[in-house]
Amino acid sequence: TRPEMMAVFLEPGAAREPVRKQISARLPAGVPVLLMDGVAFHRYLDGLVEQWRVLSYFQIGAAFLIAILGVANFIVVSVNDRRRDFALLSLVGATPFQISRCILLEAGVLAVASLLVGMVLGVSLEAYLRFTLRTGVSGWEMPWRPDLPTISILCAAVPAAALAAACLPLLDLLRQPLASTAQGDI
């Protein structure tokens, strides 16, 4: 087996470039080698993490679309299953605004709960990945920071999308006279 990684520590103030040239000269020709000092290596690792983050944005987008479809499906099924309940509420005096508010509140609570769970799991996974990559590969621990712009966008987009997903079944429910739905129950 060949070594995959080697660390060379220099005395403070030592010139790095002559050492780099000596190491390169002793390696066989054609051997792929990446020679860099600690600062460059940290930048290289940061670049790898940034590439991973860009790929994760696509995964976040796909997960977001799937989640919205799931929320929309859940709300459609929920509204259809409770159509008679809403009709009975309407007969006892509930206004369409109150029924709408009930459905939108349900969608909002679902969105906030899923957002909280998703954020905790997502931030934990990213922190673990960064810790593993930086400590396990480089031997140095480097500071970690959450991706606040993405978190901010998701905090606004997830509830907005969930409320938008609830609008279609809500409009369908309110288009039809609710009193006629409850006729069989009276």
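Keep in mind it's a predicted model, so treat the numbers as computed, not measured. Side chains are part of it too, since the values below use all heavy atoms of this structure and drop only hydrogens, waters and symmetry mates. All residue numbers in this chain count up from 1 along the given sequence.
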Distance, nearest 0.5 Å, that separates [atom1] of [X] from [atom2] of [Y]:
X: Arg175; Y: Leu170; atom1: CZ; atom2: CG; value: 10.0 Å
X: Ile75; Y: Leu173; atom1: CD1; atom2: CG; value: 12.0 Å
X: Gln22; Y: Leu27; atom1: CD; atom2: CG; value: 12.0 Å
X: Phe97; Y: Cys102; atom1: CZ; atom2: SG; value: 12.0 Å
X: Asp85; Y: Ile99; atom1: CG; atom2: CD1; value: 10.5 Å
X: Arg83; Y: Leu88; atom1: CZ; atom2: CG; value: 13.0 Å

>> Restricting to non-hydrogen atoms, name the atom on Leu10 and the atom on Ala15 that form the minimum distance, rounded to 0.1 Å.
In response: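 Answer, listing the atom of Leu10 first, then Ala15: CD1-O, 4.2 Å.
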>> Evaluate Val76 against Leu168 for side-chain contact (heavy atoms from CB on, under 4.5 Å), listing each step before the verdict.
In response: CA-CA 8 Å; Val76 165; Leu168 289 176; over 6 Å; no
> Would you call Glu106-Arg82 a salt bridge at under 4.0 Å N-O?
Replying inline: yes
Side-chain donor/acceptor pairs under 3.5 Å, residues 148-165, sequence neighbours excluded:
from, atom 1, to, atom 2, distance (Å)
Thr150, OG1, Asp147, OD2, 2.6
Ser152, OG, Leu148, O, 2.8

>> Within a 6.0 Å radius of atom OH on Tyr44, are there more than 12 heavy atoms belonging to other residues, nucleotides or ligands?
In response: no
> So do the side chains of Leu89 and Phe86 get within less than 4.5 Å of each other, counting heavy atoms only?
Replying inline: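 The answer is yes, as the side chains (C-beta and beyond) meet within the 4.5 Å cut-off.
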> For the side-chain contact (heavy atoms from CB on, under 4.5 Å) test, which of Leu121, Leu115, Leu116 pairs with Met119?
Replying inline: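 That would be Leu115.
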> Is a side-chain N or O of Thr95 found less than 3.5 angstrom from the main chain of Gln98, in a donor-acceptor match?
Replying inline: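 Yes, the answer is positive, given that a donor and an acceptor are paired below the 3.5 Å cut-off.
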